[in-house]
Amino acid sequence: MTQRDPKRKKSKDDKKKPPDRREPPPPAGDLDEAAGGDFNVVNLALWAGDLETAREILDAHVTAQGTQISPFEHPVLSSFQRLRRQLVRRLNEYSALAESAGLPEELRDANPPLQSSGGHLRAIIWAESERDYELRCYLRDLGWEREFYERAAGLAEEAGVAGAADRAARRGYGVEEAHTLVDEAGDDDAANGIAWATTSGNMFLQPEVSDFCTCSVRGVWTAAELPAQAADVVRIFQAFLNEFDPVPVA
Amino acid sequence: MNVGVIVVSGMNGPEVPIGTMLVKPSEVGAASSLYGSTYILRMGLHFDRYVVSHSIPGFQAVPAIYTSAAIAARLTGKGRAQSVSGNIGESIAGLVARRKLGARMQDDVWPVLVPNKKKAPDFVIKLRPMFPAAFETATTMVGPAINFSRWPVESKAVSTNGQATEARKKALRQLGTYWYERFPFEPDVCGYGIVVCFIYRGTPAAPTRVIKVHVFTPTNQAALRTAIQAHRNNNTKPQYLAQLDDSNSALRGHLRDAT
């Protein structure tokens, strides 16, 4: 991705516009619905820290940096443009920070994401300390949303969280059929509630699934000796991803 | 934290309770980290301290274990970060839409990114159905023709009813800006919008914790569209917004329960 000076001078397009008397243009693609799915995934990828996927999608949608897209005419395309600009600005800031901190070159690049063996999930591992990690996982394929919640609820039930599957089914995420609020008129006496605890090797894991197709897994390294190499930590989180979204059985 | 959710027509019209929503701090944290505009780690913890969620621990609290219910809310020596409250406010509508308003697909909820957030709502959201039964009951509009694809939705979190009143006014201005700017491309959305307002404290005399879903609908969309078109032709957006701010204006009269 090309990096530009974030302090570029304003162009003539930034001047105050005359009264808006133009004829309505052709329909704006129903609020850019065609690009909306990608927009959602970019937001999820950025939340997770998956710059590789975010850039890949942004580059596919934003080719002309000079032309300002109206956020009200094309809200999604405009947002792509804005996100791309913000990323470039952050990259420039990060470069200066990394340089001032003397960070080795090999540590400066964004991490490639982990991917589940079923292909629907991507994730990034965040290290908070020598023992505390967070796996930020998100749904790359929004068409798998229903299965995402069903699988998560199934894992929670296996870990002893009673009723998780029922609650997920009642929530109905990923199911397009309309329902009315009358169906939900009772007290919502259970939160989304897809959270559980488990152990894997030397890690204690606490996965929690949100309402927005993300799963945060907090991991604590419990062995007295710290992990000897990054692969010791990555292996555990990769196994979690593969259990969540395994290769489909033929 | 168990919060009542109420659909309201317009500013202060008829109300329809739609049950409660049980929300854990970590769930607010997840929504905030995704949709909030300020970079804050562990938003759920901040939410827990600021709001007193009373969600942990599961066992009987003892004095030796500090929870937000016991001690943190009384740490009055330090101020609260505006950006934390802002993050909560910006994200609560996403949760309500998913849990209570039928936004069952992840792709139904889009955060809006504009250079100046004061000029646009926080989200554009597809509901299923687009005009739920509770909206019909509150507004008395039965089966209205909804010819737009997504509701503009503004999201607020405030501590008192008084702040909620001010927040609703600002939110209506943001919706009004959306109707104005979006007019050439989607005139059918004029007059329609949602403001989700989470009131989390109230006053000592009247403690309050509720989520209100204010549904704005037009009483005369044709007249509203004519007015917006006229302002656009004359480039008089500031006057348009001033009229929208005035609860006694003819423009406000074109909105249901907004005077």
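A heavy-atom distance below 4.5 Å is found between the side chains of A:Leu44 and B:Gln106. Side-chain atoms of A:Pro71 and B:Glu181, non-hydrogen and from C-beta on, never get closer than 4.5 Å to each other. With a 4.5 Å cut-off on side-chain heavy atoms, A:Arg171 and B:Arg104 do not count as touching. B:Glu186 has its side chain out of reach of A:Phe72: every pair of non-hydrogen atoms, C-beta onward, lies at least 4.5 Å apart.
The SG atom of A:Cys213 sits 5.5 Å away from atom CZ of B:Arg98, with the distance rounded to the nearest 0.5 Å. To the nearest 0.5 Å, the span separating CG on A:Asp211 from CD on B:Glu27 amounts to 5.5 Å. Put simply, CH2 on B:Trp110 and OG on A:Ser79 are 9.5 Å apart, with the number rounded to the nearest 0.5 Å. Between atom CG of residue A:Asn43 and atom OH of residue B:Tyr35 there is a gap of 7.0 Å, rounded to the nearest 0.5 Å. Remark: B:Asp108 CG to A:Glu176 CD distance equals 8.0 Å, nearest 0.5 Å.
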- Task: Would you please test A:Glu208 and B:Lys24 for salt bridge (Lys or Arg N to Asp or Glu O under 4.0 Å) and show each step?
- Result: CA-CA 11 Å; A:Glu208 182 160 6; B:Lys24 295 191 296 185; 3.2 Å; yes

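For A:Glu128, the part lying under 4.5 angstrom from a heavy atom of chain B is the side chain only. Within the 4.5 angstrom heavy-atom criterion, no atom of A:Leu139 approaches chain B. For a residue to count as touching a neighbouring chain, one of its non-hydrogen atoms must lie under 4.5 Å from one of that chain's; by this rule B:Pro111 touches chain A with backbone and side chain alike. With a threshold of 4.5 angstrom between heavy atoms, A:Phe212 approaches chain B through its backbone and through its side chain.
For B:Met105 against A:Gly174, the heavy-atom pair with the smallest separation is SD-C, 3.4 Å.
Of the possible donor and acceptor atoms, one in the side chain of A:Asn40 sits under 3.5 Å from a partner among the backbone N and O of B:Val109.
No other option in B:Ser33, B:Pro187, B:Ala30 has as many heavy-atom pairs under 4.5 Å with chain A as B:Ser33.
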